[in-house]
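In this text, all values refer to a predicted model and were calculated from it rather than measured experimentally. Computed over heavy atoms, backbone and side chain alike; hydrogens, waters and symmetry mates excluded. Every chain is numbered from 1, with letters handed out A, B, ... down the list of sequences.
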There are 2 protein chains.
Amino acid sequence: MSQRKIRNMEQFAALSGLSRPTVSKYFNDPASVRPATRERIEAALERYDFRPNIYAVNQNRSLTKNVGIVVPYLADPFFAEIARIIQRRCIDAGFAPILYSAHGEMKLENEILEGLTALKPAGVFLAPLGRLSDRAAVARFCRDVPTVLFDSNIEDMGEAFVGSDNHSFVEQTVDYLCRTGAPPCFFEMRTPANPNANKRRNAYLRVMEEAGHEPRVVQIEGEGWAFEEIGRRGTHEILDSGGFATDTVLCSNDRLAIGLLSACYERGLRVGRGDGCALRVASHDDHPFSRFTCPSLTTAAHEYEAVADKCMETLFSLIEAGGRFSTRTETLIPARLILRASA
Amino acid sequence: MSQRKIRNMEQFAALSGLSRPTVSKYFNDPASVRPATRERIEAALERYDFRPNIYAVNQNRSLTKNVGIVVPYLADPFFAEIARIIQRRCIDAGFAPILYSAHGEMKLENEILEGLTALKPAGVFLAPLGRLSDRAAVARFCRDVPTVLFDSNIEDMGEAFVGSDNHSFVEQTVDYLCRTGAPPCFFEMRTPANPNANKRRNAYLRVMEEAGHEPRVVQIEGEGWAFEEIGRRGTHEILDSGGFATDTVLCSNDRLAIGLLSACYERGLRVGRGDGCALRVASHDDHPFSRFTCPSLTTAAHEYEAVADKCMETLFSLIEAGGRFSTRTETLIPARLILRASA
DNA sequence: CCCAAAACTTGACACGCGCAAAGATTATTC
DNA sequence: GAATAATCTTTGCGCGTGTCAAGTTTTGGG
């Protein structure tokens, strides 16, 4: 490799014995130049290791190759995992994904959206904070940037939504629990940030009624994203004041369940479906750690890959459609029940 | 707010009744213009909502406001947490942090570094993969971009290193365990990806010898980043073949410990320091979930905030120094012992 | 070998802003 | 109120690439 540094495409074109416009064409679409020409460029590319200045490139483009991925809380392994998969898909598709986390704060989400607008991305995957989102700011963003909402739906916002079929999640866990023991009560936060929580509660109510069981919802207090601690404290409070109404608890999500299991352990309460167990616990999400709780957690799993694939597919057609869909589509992906030791 | 869209700074300057260079000065440093002028610009800003085109801005700046943050595996909550704090600090300091995860793959780490070079960042925080890193690629990157290594040290690479004082971590856990019961054996992966693992083993050997105890290292097989599963399987294998040499186990890191605790639970083996407990377990990192394991995990905690602060401080002085330090500094931050139920 | 089509070169303008020099206008100080 | 400093305006070049039009060369088919 030559030591000499290439300053711009002009120089590089000269070194490869071609004109700058031809080289420019190549970088925009390698298939648009004659094979022999492509080979010459690629040979030169190996020797001189030149990359077009992305700032100069994007200055004239109205549409960049950037794709934004915005999640509400990256320290939540569920989002880390889904972001990881989407990001990989973007790279494989030739896009430049940029990952952002709002860290649970509205202010930060707004800042991210504003900064992202300035990047002129080809498209954005946005999992909004939910209840804490600044709806006006999100709406403004969706107006300016082709956006696919995921995980957390906000009505009429973005060009499409890809998320979980919460009814499928709850139906499967409730069905299983009812089939194998007492009907579950439903354990959740009173004021959840995420709209999925409300959908899950409603699904629980419906499924229980359809099955002829009396639904019982247990709501605990707590704000923020420290779900495990909220679940742990809430469980202690419930156990201090008489315990759960049934011996079967269905948690709104795995992180609450992790806290619940932790509290049960602290009290010497055995959880599981065997003899000597005081409680059965199930949940939703298949959080990466739910395999390692004590006992391991029976849960309804997201189809991470399917969600990511559907997201990508949706964004592709959105980009091809020029950034707008005529009608907003909503895709809900069903769950997969995973039986483990807790229920 | 006027509906009319501002195309460029020229237009915006006209609308605020000023010249473009003055407005340009304002955006580069609001304090560099007269207060009266600033007010006029900010008034116009509220009415017209203009932002300089970042691509045009960065094209001419030799130094952008971008800061890269590269971690080896974002689905590991430890990295999610440290990245979160650093990112916030960057924003507060007026930088534009961009977060990347290599997802445990060398190929991806290389791609990230290449793409990051093209962004001409003011500086980069890099936590390399470690053993799996392409040393030549990392070296080349560090040559081109002002880099502060963190978490995982690679000799002589980057302008500075900020990480954990692994000796302090191990010293505190070993001391505590020896003081309160049997000296621990050391539980780790045979071929760890992260250099900290080796430092911890060496520290264990030294501290044990200094205390006059015989060190015992237990190594389990496994590749990749699924530490919990590796720890769980490894523990089962050990328990199948006679068990640990002592009733006290010190894990190299919390994620292995989570797997170990999971395996113990599956076998009905009680962990903790009370009567009827078969095993004491301690570890290192204060992983965000170690509070909720069963039992909760005694561990040596990273000073997340201190590490992040030191990282920022180092990058600031690096940027001020023009991207190069005359001598490479290494900062090691000691641990804080956190006593919980497992030991 | 000729001819049309395809692919290339040449030359030039555009993008939006940083930056610098020179002159004009304000603020500050004594 | 004059001298000085600070700030602003005007003018214009430069950054590296996209893109276009016109002209030139190469390619492939008959």
Asks: Heavy atoms only, 4.0 Å cut-off, all strands: where does A:Asn28 land among base, sugar-phosphate and nothing?
Replies: sugar-phosphate
Asks: What nucleotide among D:dC8, C:dG16, D:dT17 has an atom nearest to a side-chain atom of B:Asn53?
Replies: C:dG16
Asks: Looking at D:dT19, D:dC8, D:dG16, which one has an atom nearest to any side-chain atom of A:Pro21?
Replies: D:dT19
Asks: Which of the following nucleotides, D:dT10, D:dG16, D:dG18, is nearest to the side chain of A:Val57?
Replies: D:dG18
Asks: If only side-chain N and O atoms of B:Thr37 are considered, is one of them under 4.0 Å from the OP1 or OP2 phosphate oxygen of D:dC8?
Replies: yes
Asks: If you count the non-hydrogen atoms of other residues, nucleotides and ligands that lie under 6.0 Å from CZ in B:Arg140, is the total more than 12?
Replies: no
Asks: Side chains of B:Glu330 and B:Asn153 only: does a donor on one sit below 3.5 Å from an acceptor on the other?
Replies: yes
Asks: Report the distance from atom CG of B:Asn60 to atom C1' of D:dC13, rounded to the nearest whole Å.
Replies: 11 Å
Asks: Without decimals, in angstroms, what is the distance between A:Leu63 CG and C:dC15 P?
Replies: 18 Å
Asks: Below the 4.0 Å mark, does D:dT19 have OP1 or OP2 next to a side-chain nitrogen or oxygen of A:Ser24?
Replies: no
Asks: Does A:Phe50 reach a base, just sugar-phosphate, or nothing at all? Heavy atoms under 4.0 Å.
Replies: sugar-phosphate
Asks: Under 4.0 Å, counting only non-hydrogen atoms across every strand here, what does A:Arg61 touch: a base, just sugar-phosphate, or nothing?
Replies: nothing
Asks: On DNA chain D, does the nearest nucleotide to B:Lys25 precede the nearest nucleotide to A:Met9 from the 5' side, or the other way round? Give the residue.
Replies: B:Lys25
Asks: Of A:Ile54 and B:Arg40, whose closest DNA chain D nucleotide lies nearer the 5' terminus?
Replies: B:Arg40
Asks: Measure the distance from NZ on A:Lys65 to P on D:dG18 and round it to the nearest whole Å.
Replies: 13 Å
Asks: Have a look at A:Tyr26 and say if it touches a base, only the backbone sugar-phosphate, or nothing, with a 4.0 Å heavy-atom cut-off.
Replies: nothing
Asks: Between P on C:dC15 and CZ on B:Arg7, what's the gap in Å once rounded to a whole number?
Replies: 9 Å
Asks: For A:Phe27 and D:dT19, what is the distance between atoms CZ and C1' respectively, to the nearest whole Å?
Replies: 17 Å
Asks: Can you tell me the distance, in whole Å, between the CZ atom of B:Arg51 and the P atom of C:dG16?
Replies: 16 Å
Asks: Should B:Glu305 and B:Lys310 count as an ion pair when the cut-off is N to O under 4.0 Å?
Replies: no
Asks: Grab the CZ-C1' distance between A:Arg38 and C:dC8 for me, whole Å please.
Replies: 16 Å
Asks: Checking contacts here: which listed nucleotide (C:dC17, C:dC15, D:dT9) is nearest the side-chain heavy atoms of A:Gln59?
Replies: C:dC15
Asks: Parallel under 30°, tilted from 30 to 60°, perpendicular over 60°: which one fits the rings of A:Phe50 and A:Phe12?
Replies: parallel
Asks: Looking at the base of D:dG16, is there any donor atom on it, or on the side chain of A:Arg20, that sits under 3.5 Å from an acceptor on the other one?
Replies: no
Asks: What are the two closest heavy atoms between B:Glu109 and B:Leu129, and how far apart are they?
Replies: OE2-N, 2.9 Å
Asks: Flag yes if more than 12 heavy atoms outside B:Arg38 fall under 6.0 Å of its CZ atom; otherwise flag no.
Replies: yes
Asks: Whole angstroms only, please: what is the CD-C1' distance between A:Glu39 and D:dT26?
Replies: 16 Å
